[in-house]
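Every chain is numbered from 1 and lettered A, B, ... according to where its sequence line falls, protein lines coming before strand lines.
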Number of protein chains: 2
Amino acid sequence: MDDMDRKILRVVQNDSTASIAEMADAVGLSHTPFWRRLKKLEAEGVIRERVAILDAEKLGLGITVFANVKLRQHDEDTLEAFEREVAEFPEVVECFSMSGETDYVVRALVRSIEEYERLLKRKLLHLPGVVAINSHFALKCIKLTTRLPV
Amino acid sequence: MDDMDRKILRVVQNDSTASIAEMADAVGLSHTPFWRRLKKLEAEGVIRERVAILDAEKLGLGITVFANVKLRQHDEDTLEAFEREVAEFPEVVECFSMSGETDYVVRALVRSIEEYERLLKRKLLHLPGVVAINSHFALKCIKLTTRLPV
DNA sequence: TATGAAACGCCATCCCC
DNA sequence: GGGGATGGCGTTTCATA
């Protein structure tokens, strides 16, 4: 993982539609060594996947909600069950266990407030161990990127 | 935007390395009409971009922080300046303006707690209008996906 | 107007230097 | 790390209903 590898990562995380030849001379390498390094980074798992990023707004998913989840009990089994189940909701795009007051932060994408109410009341609140959920609605997305600072 | 388009979107947001032919018969279409629909979805901006997703851990970016930001004043100029500047930090991968107590939620990726301290004290706290920042560290990533529920 | 088939040209991939 | 060859695929055009 030298400077050239980092250069390559910056290029591919910006746009993976470009051809090998284009990306190669963007980083100042001929196509073969560039390709070899790329494959190595993929094999090592530094490059996890290549995906298309969709526009949530254009798909009608206009509402972003942050849900702060508190659990009643913190035994291994409850945590494991909660984590497994919360990850399965397609509306949940992000979930972290946290230090501090709230046990989990969940970011969910829904079409409307009513849809969130259903998600919350019928699903999230029934997840293993959940005692309380504090929901906050996003007013506006300032930044949301998949680009990591390499 | 019919069911077939949604099928296509599900496929490309899962893995954009597959060939047109593979994806086409994954959705039950021959490659030409698949290709045309794909181009249309790109032109409409429903498909925003195609990128490589990197592994933050493997790049040493092991610390995820959620920073809840409160502003002193909420005039147009202050908001606009804050939003423009916060988006420029490469460590900030996510920022939403919020309803409720906190004005902005920021998710940042750093290599260490010390690095976060520097980011917080030297940069975030000096952003336009900021009066207080409440930081919470993620203990574990349960889910983090770019796949939208289509 | 939407689909299927075929041809062309480029690019990812592999071999060797 | 670089250059060359090749097989396959994306792209385009034509044909079809």
Side-chain angles (χ1 to χ4, degrees), chain A residues 1-61 90 111 144-150, chain B residues 1-61 90 111 144-150:
Chain A
M1 173 67 59
D2 57 5
D3 275 359
M4 181 53 80
D5 279 340
R6 269 184 282 273
K7 251 180 168 176
I8 291 173
L9 292 173
R10 276 195 291 272
V11 170
V12 297
Q13 78 170 340
N14 262 317
D15 179 18
S16 65
T17 61
S19 74
I20 296 278
E22 284 172 316
M23 293 190 289
D25 67 50
V27 303
L29 223 55
S30 85
H31 70 282
T32 308
F34 179 91
W35 180 82
R36 271 201 292 257
R37 280 170 180 266
L38 195 66
K39 289 296 135 179
K40 184 153 161 288
L41 290 166
E42 283 172 2
E44 290 168 351
V46 180
I47 296 173
R48 262 206 302 166
E49 49 186 4
R50 287 140 141 277
V51 297
I53 304 294
L54 308 186
D55 189 302
E57 292 276 344
K58 292 215 166 88
L59 289 165
L61 298 162
R111 312 185 89 79
L144 183 57
T145 184
T146 55
R147 275 121 195 152
L148 308 188
V150 300
Chain B
M1 172 68 58
D2 56 5
D3 275 359
M4 182 52 80
D5 279 341
R6 270 183 281 273
K7 251 181 170 176
I8 292 174
L9 292 174
R10 275 194 292 271
V11 170
V12 297
Q13 78 171 339
N14 261 317
D15 180 17
S16 65
T17 61
S19 76
I20 297 278
E22 284 173 316
M23 295 190 287
D25 66 50
V27 303
L29 221 56
S30 82
H31 73 278
T32 309
F34 179 90
W35 179 80
R36 268 202 294 262
R37 281 170 181 265
L38 195 66
K39 290 293 137 179
K40 185 155 158 287
L41 291 166
E42 283 172 1
E44 290 169 352
V46 180
I47 296 173
R48 262 205 302 164
E49 50 184 4
R50 289 142 138 277
V51 298
I53 305 293
L54 307 186
D55 189 304
E57 292 276 345
K58 292 215 166 87
L59 288 165
L61 297 163
R111 313 185 88 80
L144 183 56
T145 184
T146 55
R147 275 121 194 153
L148 308 187
V150 300

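- For residues 4-20 of chain B, proximity to DNA chain D is found at B/S19, B/I20, defined as any non-hydrogen atom under 4.0 angstrom from a strand atom.
- The side chain to side chain contact (heavy atoms under 4.5 Å, CB included) test applied to B/P149 returns A/L61, A/P90, not counting sequence neighbours.
- Applying the salt bridge (Lys or Arg N to Asp or Glu O under 4.0 Å) test to every pair with at least one member in residues 7-30 of chain B, sequence neighbours left out, gives no pairs at all.
- Listed by chain and number, the residues in a side chain to side chain contact (heavy atoms under 4.5 Å, CB included) with A/K40 are A/E44 (sequence neighbours excluded).
- Across the protein-nucleic acid pair, B/M23 atom CE and D/dG10 atom P stand 7 Å apart, rounded to whole Å.
- Residues forming a salt bridge (charged side-chain N to carboxylate O under 4.0 Å, His left out) with B/R6 (at least two apart in sequence, or on another chain): B/D3.
- Judged as a side chain to side chain contact (heavy atoms under 4.5 Å, CB included), and not counting sequence neighbours, the contacts of B/P33 are B/L29, B/S30.
- Atom CG in B/L38 sits about 9 Å away from atom P in D/dT11, given to the nearest Å.
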If you look only at distance, which donor and acceptor atoms sit under 3.5 Å apart when one is on a side chain in residues 45-54 of chain B and the other is two or more places apart or in another chain?
unit_1: B/E49; atom_1: OE1; unit_2: A/R147; atom_2: NH1; d: 3.4
unit_1: B/E49; atom_1: OE1; unit_2: A/R147; atom_2: NH2; d: 2.8

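- Going from atom CG of B/D25 over to atom P of D/dG10 covers 12 Å, rounded to whole Å.
- Every residue two or more places apart in sequence or in another chain that forms a side-chain hydrogen bond (donor to acceptor under 3.5 Å, both in side chains) with B/K39 is listed here: B/E42.
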Letter by letter from the 5' end, nucleotides 12-17 of chain D scores (B base, S sugar-phosphate only, - none; protein heavy atoms under 4.0 Å) BB----
